[in-house]
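Below you'll find the structure, written out as structure tokens, and then a few comments.
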There are 2 protein chains.
Amino acid sequence: MNAVFKALADPTRRKVLELLRQGPMTAGELSDRFPVSRPTMSAHFTILREAGLVATHKDGKSVVYRLQLSVLEDALLSFGQLFGIGGTAPAPREGSST
Amino acid sequence: MNAVFKALADPTRRKVLELLRQGPMTAGELSDRFPVSRPTMSAHFTILREAGLVATHKDGKSVVYRLQLSVLEDALLSFGQLFGIGGTAPAPREGSST
DNA sequence: ATGATATTTAGCTAAATGTCTAAATGAGTC
DNA sequence: GACTCATTTAGACATTTAGCTAAATATCAT
């Protein structure tokens with residue numbers, strides 16, 4: 001949980017998550033959307049990955065990043081619930097098991 | 001919004017907000033719950049106040065901190081809504097606003 | 001005015017963070 | 001194998017952060 005909030009503290013990383021919401025993207029595609037170097041973006045990706053907010057797989061030469069929505073959801077909802085925020089109607093989100 | 005997420009990145013500060021959920025407390029009462037010095041706590045309070053997450057008033061010798069639930073709520077819900085998380089049921093909230 | 005209590009400000013250190021360039025690694029292609 | 005493209009690692013640097021102690025400020029009581 002701490003790692004998630006640490007990861008969310010940086011605007012670049014929050015933006016990465018937003019972009020990924022529309023579907024998986026390669027490291028390069030993501031990097032092209034930001035005014036910082038690729039190594040810098042790579043460091044941000046590492047932090048997001050270690051927080052569990054994104055997952056990766058290789059596709060040929062590229063590394064594809066994909067949003068782990070359930071992790072973001074868990075963190076936001078469970079923290080919010082400590083304050084009675086939003087917890088009443090848990091969204092029946094995209095295909096998880098159950 | 002960035003200030004709110006920055007403020008939430010530290011576990012001490014998140015815990016302060018949780019304690020404040022049960023009602024207003026003085027700086028000293030809050031500090032007594034944490035294993036760090038009062039000046040350090042004071043710095044955390046400043047960050048929370050600048051993010052708008054807490055408000056203060058003086059009461060005699062003491063400074064009373066109170067949670068600004070609506071600010072936390074706005075940040076969490078509006079960020080969550082970018083991802084379709086939880087946002088469908090808008091806060092049916094209790095008392096204190098503004 | 002003095003003294004006691006509560007909190008913040010000042011000044012410092014050590015560690016973490018975000019950024020860069022240059023070099024290394026991995027994966028296809030010729 | 002050698003080349004090229006995509007990404008990450010290494011190393012350096014500046015800034016920010018969280019923590020401390022000591023001192024300043026503010027309020028109340030005597």
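Below, chain A is the first sequence line, B the second, and so on; all start at residue 1.
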### Task
Please report the shortest heavy-atom distance between B:Arg13 and B:Ala7, naming the atom on each side.
NE-O, 2.9 Å
#### Entry: Residues which pass side chain to side chain donor-acceptor pair (under 3.5 Å) with A:Asn2, listed by chain and number, not counting sequence neighbours
B:Arg14
### Message
Run the salt bridge (Lys or Arg N to Asp or Glu O under 4.0 Å) test against A:Asp32 and tell me which residues pass, sequence neighbours left out.
### Response
A:Arg38
Cut-off 3.5 Å, no hydrogens considered: what does the side-chain donor-acceptor table look like for residues 47-58 of chain B, sequence neighbours left out?
none

### Query
Taking only side-chain nitrogens and oxygens of A:Ser37, does any of them come within less than 4.0 Å of OP1 or OP2 of C:dC20?
yes
### Separation of C:dT7 C1' from B:Met41 CE (nearest whole Å)
12 Å
### Message
Less than 4.5 Å apart, side chain to side chain, heavy atoms only: is that true for B:Val71 and B:Val4?
### Response
yes
### Task
Treat each ILVMFWY residue as a node, draw an edge where side-chain heavy atoms are under 4.5 Å apart, and state whether A:Leu69 and A:Leu20 are in one component.
yes
### Message
Quick one, A:Met41 and A:Thr12 - any side-chain contact, counting heavy atoms below 4.5 Å?
### Response
yes
### Query
Nucleotide by nucleotide, 5' to 3', does protein get under 4.0 Å of the base (B), only the sugar-phosphate (S), or neither (-) in nucleotides 25-30 of chain C, counting heavy atoms?
-SSS--
### side chain to side chain donor-acceptor pair (under 3.5 Å) partners of A:Arg66, counting only residues at least two apart
A:Gln68
### Rounded interatomic separation in angstrom, taking CG from A:Leu48 and P from C:dG18
11 Å
### Query
What residues in residues 13-35 of chain A put a non-hydrogen atom under 4.0 Å from any atom of DNA chain C?
A:Arg13
### Set of ring pair (Phe, Tyr, Trp, His ring centres under 6.0 Å) partners for B:Phe5, sequence neighbours left out
B:Phe79
### Task
May I ask you to evaluate whether B:Tyr65 reaches the phosphate of C:dA6, defined as a side-chain N or O under 4.0 Å from OP1 or OP2?
no
### Task
Could you tell me from which nucleotide to which nucleotide of DNA chain D, 5' to 3', there is an atom under 4.0 Å from chain B heavy atoms?
D:dA18 to D:dC28
### Summary
The bend of the helix from C:dA1-D:dT30 to C:dC30-D:dG1, taken between the axes of its five terminal pairs at each end and rounded to 10°, is 10°
## Note on the structure
Result for 5'-nearest mapping on DNA chain C, choosing between B:Arg38 and A:Ile47, is B:Arg38
### Query
What integer distance in Å separates B:His44:NE2 from C:dT8:P?
13 Å
### Query
Among pairs that include at least one residue of residues 22-46 of chain A, which meet ring pair (Phe, Tyr, Trp, His ring centres under 6.0 Å), considering only residues two or more places apart or in two chains?
A:Phe45-A:Tyr65
### Task
Using whole Å, report how far CD of A:Glu50 lies from P of C:dT17.
11 Å
#### Entry: Integer-rounded Å distance: C:dT17 P and A:Asp10 CG
11 Å
### Message
Holding to side chain to side chain donor-acceptor pair (under 3.5 Å), I want the full list of residues that pass it with B:Ser37, two or more places apart in sequence or in another chain.
### Response
B:Thr40
### Summary
For B:Phe83 and A:Leu17 the tightest heavy-atom approach is CE2-O, 3.4 Å
#### Entry: For the student: nearest non-hydrogen atoms of A:Thr26 and A:Ser62, plus distance
CG2-CB, 3.7 Å
